[in-house]
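Presented below is the structure to which this report refers.
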Amino acid sequence: MDPTSKEAAKETAIFTTLRERSGDDLVVRLNAPGAARSFFWDDWSIVIVICSGNDDKILAYTNTKITVWPAKTVIIISLAALLIFWSAISFAAWQLNAQKLEQLWQKHCEKKKFKDYLAARRYIWKAWQASNPIFIAQDSLGYGSLARVQILFFTTVVGVVLFYIFIHSGELTSVSNTILILLGIMVAGGTFARATPDWYGLSSATRRVLLGEGLIVKQLEKPRFSDLLETQGEIDVAKVQALMFTVIVAMSIVAKGYGGLNAFELPEQFIYLLGISQSAYVLGKFVPTDVKQRIEQDFEQLRQAADKLLMDPANQQLINAFSQAKNSASYTLKEVFLDRFQESKLATMGSDRFSELKPAAAPSGTP
């Protein structure tokens, strides 16, 4: 063999790995570095020979035709598919939040002090905002939702890896039980989290004050990253743990999944930890916190102070008690709802407004 042919053989060497063996069936992985010389594919005719381990006698052989794709081409195609997919869901988020995006754009113009004279700039800015995964996964109140971001992120990673394998091998691989369990944990956590309203643990009378009087902004203008980790004005360690485990699992799928998701596995202890983390996150939304109980106590004291003041409006002691009750409620609401709390509106509310907002009385004849 001349040096030229030796070099060619070296460049197109094929390495084989036995993937599976079941009865008379063999699954062999072929790795041909540098096989495809163009940006697109090459058609190969492969002859597989099985020899005896003792005397190298040929026991069986077969030939098949395969299509070899360069790894860089498969990566580019997969990234293009990811871009198309993300553009589609970003466009849907844009359509659903068109009015909000327009308001954000106008405020952005005022802040930057430039005139809105370039339509292209407006569309590029809106497209950038709409493509933010936190913006896409926001809830009905305008908050960034950790549960929705988890589902979006995990589903995107699994989908891209499946597409990569499909382009690379021409077959749509199955997914392992580990992947199905992880998807189930994410979807179940997201479903239960959505089922828990933002006002869970507060009485109907308190909600009438907060929402009916406009003390709390119902919908944020723009979701923030801090929404993913915040619960009632403080960092929620359960959310931090859930987000960290989600990133680790996604990285593992990208690192190991290119060989096939049907064999992807994680240690059982890790799956248990992820399940416990999601459960703690969801249960934390169902269990009324001490802060919400303080809100109820503050508003009950505020109603009682308002009733007493209405009976004797000129009593300075009752006026001071009502003012102190409002200050106490204002401090608690600011601690819980942060910038969503409209402190100025509470300051201007008179005692008559609170006296009217008592818990609804039971119908006559009701025991």
Side-chain angles (χ1 to χ4, degrees), residues 11-12 15 17 19 29-44 66-97 101 120-121 123-138 144-176 178-180 182-183 186-187 190 223 225 228 243-266:
E11 289 181 1
T12 58
F15 304 96
T17 305
R19 290 282 304 277
R29 177 183 176 87
L30 304 179
N31 184 16
R37 300 177 181 277
S38 65
F39 180 80
F40 299 100
W41 62 89
D42 284 339
D43 293 326
W44 279 48
I66 63 173
T67 300
V68 180
W69 285 83
K72 61 181 180 181
T73 302
V74 178
I75 293 175
I76 292 174
I77 294 175
S78 300
L79 292 177
L82 173 61
L83 179 61
I84 294 172
F85 168 74
W86 205 261
S87 299
I89 59 177
S90 300
F91 181 69
W94 185 340
Q95 285 187 316
L96 291 173
N97 298 276
L101 285 172
R121 176 184 288 180
Y123 291 130
I124 292 173
W125 188 89
K126 288 184 178 181
W128 177 255
Q129 297 297 322
S131 63
N132 187 333
I134 301 176
F135 188 89
I136 294 173
Q138 64 181 300
S145 170
L146 174 61
R148 298 186 183 194
V149 168
Q150 283 180 307
I151 296 174
L152 176 64
F153 187 49
F154 192 70
T155 303
T156 301
V157 169
V158 173
V160 170
V161 172
L162 282 174
F163 186 80
Y164 174 88
I165 296 172
F166 174 74
I167 295 297
H168 202 277
S169 64
E171 294 183 0
L172 188 61
T173 181
S174 59
V175 296
S176 65
T178 299
I179 297 291
L180 294 178
L182 292 173
L183 281 171
M186 298 293 180
V187 173
F225 176 77
L228 305 183
L243 180 61
M244 179 185 67
F245 286 161
T246 301
V247 173
I248 293 175
V249 170
M251 293 174 61
S252 300
I253 293 175
V254 173
K256 300 179 181 179
Y258 69 92
L261 293 181
N262 56 338
F264 178 82
E265 291 185 1
L266 289 174

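What you see below is based on every heavy atom in this structure, not just the backbone, and it leaves out hydrogens, waters and symmetry mates.
Here the closest non-hydrogen pair linking L101 and W125 is O-CZ3, 4.0 Å. Shown here for I136 and A130, the closest heavy-atom pair between the two residues is CG1-O, 3.2 Å. Minimum heavy-atom separation, R148 to A137: CD-O, 3.2 Å. Heavy-atom minimum distance, S131 versus S90: CA-OG, 3.2 Å.
Counting only heavy atoms from C-beta outward, the side chains of L146 and T246 never approach each other to under 4.5 Å. Contact of the L162 side chain with the F166 side chain is not registered, since no non-hydrogen atoms from C-beta on lie closer than 4.5 Å. A 4.5 Å side-chain heavy-atom check between V158 and L182 finds every atom pair outside the cut-off. For the pair N97/Q129, no side-chain contact is recorded, criterion being any heavy-atom separation below 4.5 Å from C-beta on. L82 places none of its side-chain heavy atoms less than 4.5 Å from the side chain of F163.
Taking CD1 from I75 and OH from Y164, the interatomic distance works out to 5.0 Å, rounded to the nearest 0.5 Å. Remark: L152 CG to S145 OG distance equals 10.5 Å, nearest 0.5 Å. From L243, atom CG reaches atom CD1 of I248 across 10.0 Å, with rounding to the nearest 0.5 Å. To the nearest 0.5 Å, atoms CH2 (W94) and CZ (F135) are separated by 10.5 Å.
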Worksheet item: Please walk me through it: do T156 and W86 pass side-chain contact (heavy atoms from CB on, under 4.5 Å)?
Response: CA-CA 9 Å; T156 301; W86 205 261; 3.7 Å; yes

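Checked options V157, V160, V249; the residue passing with V254 is V157 (criterion: side chain to side chain contact (heavy atoms under 4.5 Å, CB included)).
Under a cut-off of 6.0 angstrom, the local environment of CE in M244 is crowded, with over 12 non-hydrogen atoms contributed by other residues, nucleotides or ligands.
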